[in-house]
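Worksheet for the structure shown next.
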Amino acid sequence: MATEVRVPTLGESVTEATVATWFKKPGDHVAVDDMLCELETDKVTVEVPSPVAGTLAEIVAVEGATVSTEALLAQINEGTAASAPAVEAPAKSALAQAAQTIAVMVPVLGESVTEATVSTWYKKLGDTVAQDEMLCELETDKVSIEVPAPAAGVLGQILAAEGSTVQVGGQLAVIGGETTKNPAPAQASVSTAATAKTQDVEDAPSAKKLMTEAGLNRNDVTATGKDNRVMKQDVQKTLAAAAPQATPIPPATPIRAAVPADDAAREERVKMTRLRQTIARRLKDSQNIAAMLTTYNEVDMTEVMALRNEYKELFLKKHSVKLGFMSFFTVACCHALREVPEVNSEIDGTDIVYKNFVHMGIAAGTPTGLVVPVIRDADSLSFAEIEKAIAEKGERARDGKLSMAEMQGGTFTISNGGVYGSLMSSPILNPPQSGILGMHKIQDRPMAINGEVVIRPMMYLALSYDHRVVDGKGAVTFLVRVKEALEDPRRLLMDL
């Protein structure tokens, strides 16, 4: 009896993950709750245990594949191969056959993308392939996707020929088993190729979409693809030739220059985690969408440091949490946001949405990247409640245990680069928020106070803001109010 292993629930609002590591391979015996594989989402890592004892018969989702909740990961044959002496040899034979035959499936192609075109096969029937070696390339309207071999073996069947359209979850090929020299899909491909000159050729989907958007006729484009197919780059070349004065748009990811062989041997290539990919995408989106500008000021930390030193032991004894600087900055920002509400707003189409509350995002560095847990209704919390929330969420962030809900809904963000020694920086907005405060290292500097030069602990502050909704006056006023509150903390008690 075969038992299906499926993707578990990944967390609130999390719908997909990447298969990071398989701890077992086809043919391995597994016990109940043995770890089969590890899935990686944007925020956390999830281990998938075996629901039954038996033999891992087939791995459907290979390492690197993107899978949705409840998608099929693998199949387990329940029981053991040595259940009875009389059937021991046949069982082992069947197991060997199952281990030798691995299906190569179409991976998840991306949100709302359900089909792709097989662009190129890098291997042919009968070729020996290594695990993770590239077998073929699929092309969608948006991206090209390389399909790696899920296991080492011999390419026994190609079920989707070049130029054919495949659906998500469809089968591309079979590794192992008896090599099929003339599979039906391949024969159809040969027949199509033989008559390509006299019949219409199925152009790349991305090329067709681009031609439609540009109003180009297929005859206007010089095709360079196999069997005279029009590829996306062919359309781009035609458009560039038609508008030579236009400024070319740089690609989203610059093409990497050729690397000398001796340098390449000393490089290490590591795939970006989904968290790092999400960080990269969101930061670039922020730059592309918002009219981001940064204004600076500096704050004399003398009074805050004196107040903290005076009461930190009593604070710890009463509240069981250390008194840090973040609670002072959080309260100061909440006061400033009440006076300058546009910094605590966001743009929704042609509307400005003003937030009459403060859900404060506190940026936290973790071993896997930067995350921003949110302290909800921070404007109604005490110093002790803020410090407890920061400590608790910071620990959960470092352990990778934050849920998606804990990182959503922020209205303003504070980022403290000073803990890493940063003296000054320009923080990037956390969309759709309109403001982010950057804290920096406290450093003794000579300052002119009442006509005398004295040494004071100074910190540079930076406010990055969306100039579409926040004017310069509002941004400067906000930063001045934060500075005033920190240089004279009594203003916080008097609500000034």
Side-chain angles (χ1 to χ4, degrees), residues 296-339 358 360-366 372-375 377-398 412-425 427 436-463 478-496:
Y296 303 91
N297 212 316
E298 60 182 351
V299 56
D300 185 341
M301 296 291 290
T302 300
E303 294 300 325
V304 168
M305 293 175 70
L307 194 62
R308 177 173 177 267
N309 289 333
E310 183 176 354
Y311 293 110
K312 63 180 181 181
E313 292 183 4
L314 289 174
F315 191 90
L316 177 61
K317 183 177 180 180
K318 180 175 181 178
H319 301 293
S320 300
V321 65
K322 292 182 179 180
L323 177 61
F325 292 124
M326 287 301 299
S327 54
F328 286 94
F329 278 86
T330 300
V331 174
C333 285
C334 290
H335 276 68
L337 289 172
R338 282 200 291 267
E339 182 173 344
V358 179
M360 187 67 72
I362 305 293
T366 72
V372 187
V374 175
I375 300 175
D377 296 310
D379 53 326
S380 63
L381 300 180
S382 67
F383 276 74
E385 290 170 330
I386 292 172
E387 289 291 357
K388 288 178 181 178
I390 291 173
E392 187 266 338
K393 291 186 182 297
E395 182 178 359
R396 287 169 56 80
R398 288 187 292 274
F412 185 81
T413 296
I414 299 176
S415 178
N416 186 5
V419 296
Y420 306 110
S422 172
L423 187 61
M424 179 177 284
S425 66
I436 178 172
L437 179 75
M439 298 168 54
H440 299 92
K441 176 183 177 182
I442 300 174
Q443 182 166 293
D444 286 344
R445 293 203 300 273
M447 303 296 295
I449 307 294
N450 297 325
E452 295 182 356
V453 176
V454 295
I455 303 300
R456 290 294 177 90
M458 303 299 295
M459 176 193 289
Y460 288 118
L461 298 179
L463 175 72
F478 172 88
L479 210 50
V480 168
R481 293 295 176 266
V482 172
K483 170 185 170 69
E484 290 173 346
L486 294 170
E487 291 185 339
D488 184 4
R490 294 173 298 179
R491 298 176 67 94
L492 296 177
L493 298 176
M494 303 300 295
D495 195 19
L496 297 175

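For the single chain, residues carry numbers from 1 onward in sequence order.
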Looking at E298 and K483, is any side-chain nitrogen of the basic one under 4.0 Å from a carboxylate oxygen of the acidic one?
no
Intermediate values then yes/no, side-chain contact (heavy atoms from CB on, under 4.5 Å), E487 and T302
CA-CA 7 Å; E487 291 185 339; T302 300; over 6 Å; no
Any side-chain heavy-atom pair of V358 and D377 under 4.5 Å
no
I want to check something: taking the side chain as every heavy atom from C-beta on, are M447 and I455 in contact at a cut-off of under 4.5 Å?
no
Considering non-hydrogen atoms only, spot the tightest contact between A378 and T330 and give its length.
CB-CG2, 4.1 Å
Between K441 and G421 the two heavy atoms that sit nearest each other are CD-O, 4.0 Å
For the residue pair L492 and H335, what are the closest heavy atoms and their distance?
O-NE2, 3.5 Å
Note, I375 side chain near L381 side chain (heavy atom, < 4.5 Å):
yes
Measure from NZ or CZ of R308 to the centre of the six-membered ring of F328 and say whether it is under 6.0 Å with the direction within 45° of the ring axis.
no
Can you find a heavy atom in the side chain of F383 that is under 4.5 Å from one in the side chain of V321?
no
Pairwise side-chain contact, I362 with M326, heavy-atom cut-off 4.5 Å (strictly under)
yes
Just wondering, more than 12 heavy atoms not from E395 lying within 6.0 Å of its CD?
no
A side-chain contact here means heavy atoms from C-beta on lying under 4.5 Å apart; do F412 and I436 qualify?
no
What's the verdict on side-chain contact (heavy atoms from CB on, under 4.5 Å) for M439 and I414, showing C-alpha distance, side-chain angles and the deciding distance?
CA-CA 7 Å; M439 298 168 54; I414 299 176; 3.6 Å; yes
Is K317 salt-bridged to E313, going by a charged N under 4.0 Å from an acidic O?
no
Does this structure show an ion pair linking E392 with K388, if we count only N-O contacts that are shorter than 4.0 Å?
no
For F478, is the NZ or CZ atom of R338 found under 6.0 angstrom from the centre of its six-membered ring and inside 45 degrees of the ring axis?
no
Of all the heavy-atom pairs spanning S425 and A462, show the shortest one and how long it is.
O-CB, 3.4 Å
Just wondering, do L423 and Q443 contact through their side chains at under 4.5 Å, heavy atoms?
yes
Closer than 4.0 angstrom, basic N to acidic O: yes or no for E387 and K322?
no
I'd like to know whether OH of Y311 has more than 12 heavy-atom contacts from other residues, nucleotides or ligands below 6.0 angstrom.
no
Exactly one of D300, V304, V299 clears side chain to side chain contact (heavy atoms under 4.5 Å, CB included) with P457, and that residue is D300
Are any side-chain N or O atoms of H319 and backbone N or O atoms of A384, one a donor and one an acceptor, separated by less than 3.5 Å?
no
Counting C-beta onward and ignoring hydrogens, is there a side-chain heavy-atom pair between E484 and V482 closer than 4.5 Å?
no
